[in-house]
Amino acid sequence: MKVLVPVKRVIDYNVKVRVKPDQTGVDLANVKMSMNPFDEIATEEAVRMKEKGVATEVIAVSIGPVQAQETIRTALAMGADRGILIQTDVDVDPLAVAKLLKAVIAEENPDLVVMGKQAIDGDNNAVGQMLAALLDWPQATFASKIEVADGKASVTREIDGGLQTLEVSLPAVITADLRLNEPRYASLPNIMKAKKKEIAIKTAADYGVDVASKLKVLKVTEPPKRSAGVKVENAAELVAKLKTEAGVL
Amino acid sequence: MAVLVVADHTNAALGEATAKTVAAAQKLGGDIDILVAGQGARPAADAAAKLAGVRKVLLAESDALGHQLAEAVTDTVVSLAGGYDAILIPATSAGKNYSPRIAAKLDVNQITDVIEVVSPDTFVRPIYAGNALETVQSSDAKKVITVRPTAFKPVADGGSAPVETVAAAPAAGREAGFVGEEVVKSDRPELAGAKIVVSGGRAMGSAEEFHRVIEPLADKLGAAVGASRAAVDAGYAPNDYQVGQTGKVVAPDLYIAVGISGAIQHLAGMKDSKVIVAINKDADAPIFQVADYGIVGDYKTVVPELMAALG
Ligand SMILES: Cc1cc2nc3c(=O)[nH]c(=O)nc-3n(C[C@H](O)[C@H](O)[C@H](O)COP(=O)(O)OP(=O)(O)OC[C@H]3O[C@@H](n4cnc5c(N)ncnc54)[C@H](O)[C@@H]3O)c2cc1C
Ligand SMILES: Nc1ncnc2c1ncn2[C@@H]1O[C@H](COP(=O)(O)O)[C@@H](O)[C@H]1O
């Protein structure tokens, strides 16, 4: 079984984001970038499938600038076998990402796509569902458990009020939630080994996909700031203030 | 202009997010219809028909719709899409699951998590865990939009729209099959729409402690219970209690964070609350930077005192 894992290079989750004064976007100069945390979880899951003998090959795909090679290297160091970078300096929106991934899938014919539920920059939570739609494949989003056997995956999903279990016949798209697993740190020998693994470099034009967006960003602004309030001495004072000053009790 | 709102519901009842999404639809202007896609969902459809300002309610039923499976909901919405300029879907966990599938089938981008309708083609949405707000203009002929419910006041009851039955789209492609569900029914208010939320963090240290400390405080206040990711990951609280960037977004009148540090991912889910209270033993915890009222202290003494002060 061949597994495809799309991985996105995003601002590191620890970085405090700053909006540019000219309102054209957020400041990404000299900030730490990392693999999207949900994609680490997806990569971990795919690598575990390989270690269990369920998967035979794990391919990491990223769409982004030349530096997104580092993100693919991270996946390779975790245990993915090879990578594909679709290099572009455009901020590709979810529908175009899904179209590019569909084109990669037409060439690679994977049995399963495991990916993050959400990229923590755009917070769209969309590409997985869009990809499943374009392929007419079944989808199982927000997975907290995946079991693959006999050409099917049983997926436990996080829903309101609890958990839902779906069965999807392969090929299918599954998106990872936080509780799916705890991603490993790549060991030094594996980081060294990853340097020798192959990364194919492509462009969007190679796949015939137009990455120009129909969503135009007019401006990016700071959200209204909340200022720190007061520290109160004890619970009695708190309750009094909530009743009289804040009027919420 | 005609807008289709896809209802958030549990078949037996309409979710509060629906009335809030109708409010967003009113900002777009034009006629508003609501689709209730479910099974045995007549009660939800009747509730939707009572919302003010709705032209009609469409009720589609099948087994797959009963579980709101993404493939089935998508095919039904797409079969109706021809009659609408915009499709609005509440950004609940169910809506987030099927909405992008609908958008891709219609070959348009989804406009995600809209918090403000500037004009029928221009919207504001949070990005980077709410640390920036993006104003986007869509040139797609048909718009597929998810609406952040906390950003809109629900429309009132008082309408009496007709309920029309429409066909559920037949299974066309390859679809996921429903196996089972483990859903816990709670008597507490729904987290996403509650007036008061009490959330516990990693400081609780165990599920027993979470039950012992957080739940009685919530019950005394008639509040919903929330949690940080750390508390959920450690198994102190169920998954759907997680408040934050990648969990639930809440905006109650009062949010009480107990033993939560205030990581940006957590703040993303609660910083639009009207009043925030933080109880934390570390005076430098970032949560105090957004809290209106803070108590620096051990929750083990502060929470019992708070229970007593509430009487
Ligand atoms: C991709 C991604 C998505 C994420 N999404 C979310 C999300 O949606 N929601 C979310 O919450 N987090 C999310 N996180 C995690 C987030 O970064 C933090 O790790 C998490 O919020 C921390 O939880 P906490 O505040 O309970 O724990 P900690 O940060 O460990 O804080 C515990 C706090 O309790 C205090 N404390 C300890 N003992 C006591 C005591 N006896 N009395 C009083 N106070 C005490 C400490 O001073 C400390 O401030 C996400 C992270 C990533 C990478
Ligand atoms: N540029 C990209 N390159 C590779 N994968 C991506 C890219 N953008 C999104 N994805 C994948 O799609 C998932 C959901 O992203 P989004 O819908 O943008 O929140 C991510 O977790 C990734 O797995």
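The chains referred to below are lettered A, B, ... by the order of the sequence lines, with proteins before strands, and numbering in each begins at 1. Any value given below was found using the heavy atoms of this structure, including those in side chains, with hydrogens, waters and symmetry copies removed.
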S.K.: Going through the distances and angles, do A/Asn181 and A/Glu45 end up as a side-chain hydrogen bond (donor to acceptor under 3.5 Å, both in side chains)?
M.R.: CA-CA 7 Å; A/Asn181 60 47; A/Glu45 195 67 15; 2.8 Å; yes

S.K.: Who among B/Ala192, B/Pro252, B/Ala91, B/Ala176 has the most heavy-atom pairs with chain A under 4.5 Å?
M.R.: B/Ala176

S.K.: Among B/Glu190, B/His67, B/Lys274, who wins on heavy-atom pairs under 4.5 Å with chain A?
M.R.: B/Lys274

S.K.: Can you say whether B/Ala291 sits under 4.5 Å from chain A via the side chain, the backbone, both, or neither, judging by heavy atoms?
M.R.: backbone

S.K.: Which atoms of A/Ser227 are under 4.5 Å from chain B, going by heavy atoms: the side chain, the backbone, both sets, or neither?
M.R.: backbone

S.K.: By side-chain contact (heavy atoms from CB on, under 4.5 Å), which residues pair with A/Glu40, not counting sequence neighbours?
M.R.: A/Met35, A/Pro183

S.K.: For B/Arg174, give me all partners under salt bridge (charged side-chain N to carboxylate O under 4.0 Å, His left out), at least two apart in sequence or on another chain.
M.R.: none

S.K.: Just give me the residue among A/Ile159, A/Val26, A/Leu178, A/Asp93 that pairs up with chain B most often, heavy atom to heavy atom, under 4.5 Å.
M.R.: A/Leu178

S.K.: Please classify the contact of A/Tyr13 with chain B as side chain, backbone, both or neither, using a heavy-atom distance under 4.5 Å.
M.R.: both

S.K.: Under 4.5 Å from any heavy atom of chain A, what part of B/Leu69 do you find: side chain, backbone, both or neither?
M.R.: side chain

S.K.: Please determine if A/Lys2 and A/Asp111 form a salt bridge, counting it only when a charged side-chain N lies under 4.0 Å from a carboxylate O.
M.R.: no

S.K.: Does any backbone or side-chain atom of B/Thr74 lie under 4.5 Å from a heavy atom of chain A? Answer side chain, backbone, both or neither.
M.R.: neither

S.K.: Give, as side chain, backbone, both or neither, the part of B/Leu221 having an atom under 4.5 angstrom from any heavy atom of chain A.
M.R.: side chain

S.K.: More than 12 foreign heavy atoms under 6.0 Å from NZ of B/Lys195: is that the case here?
M.R.: no

S.K.: Below 4.5 Å from any heavy atom of chain A, which atoms of B/Asp121 appear? Answer side chain, backbone, both or neither.
M.R.: neither

S.K.: Any ion pair linking B/Asp113 and B/Arg125 (charged N to carboxylate O, less than 4.0 Å)?
M.R.: no

S.K.: So for B/Ile295, is it side chain, backbone, both, or neither that comes closer than 4.5 Å to the heavy atoms of chain A?
M.R.: both

S.K.: Among residues 301-311 of chain B, which ones touch chain A with a heavy-atom distance under 4.5 Å?
M.R.: B/Val302, B/Glu305, B/Leu306, B/Ala309, B/Leu310

S.K.: Between A/Lys99 and chain B, which part of the residue has a heavy atom less than 4.5 Å away: side chain, backbone, both or neither?
M.R.: side chain

S.K.: Under 4.5 Å heavy-atom distance to chain B, tell me which part of A/Val15 shows up: side chain, backbone, both or neither.
M.R.: backbone

S.K.: Checking B/Gln137 against chain A: side chain, backbone, both or neither under 4.5 Å from a heavy atom?
M.R.: both

S.K.: Which residues, numbered in order, of residues 139-156 of chain A come under 4.5 angstrom of chain B by heavy-atom distance?
M.R.: A/Gln139, A/Thr141, A/Phe142

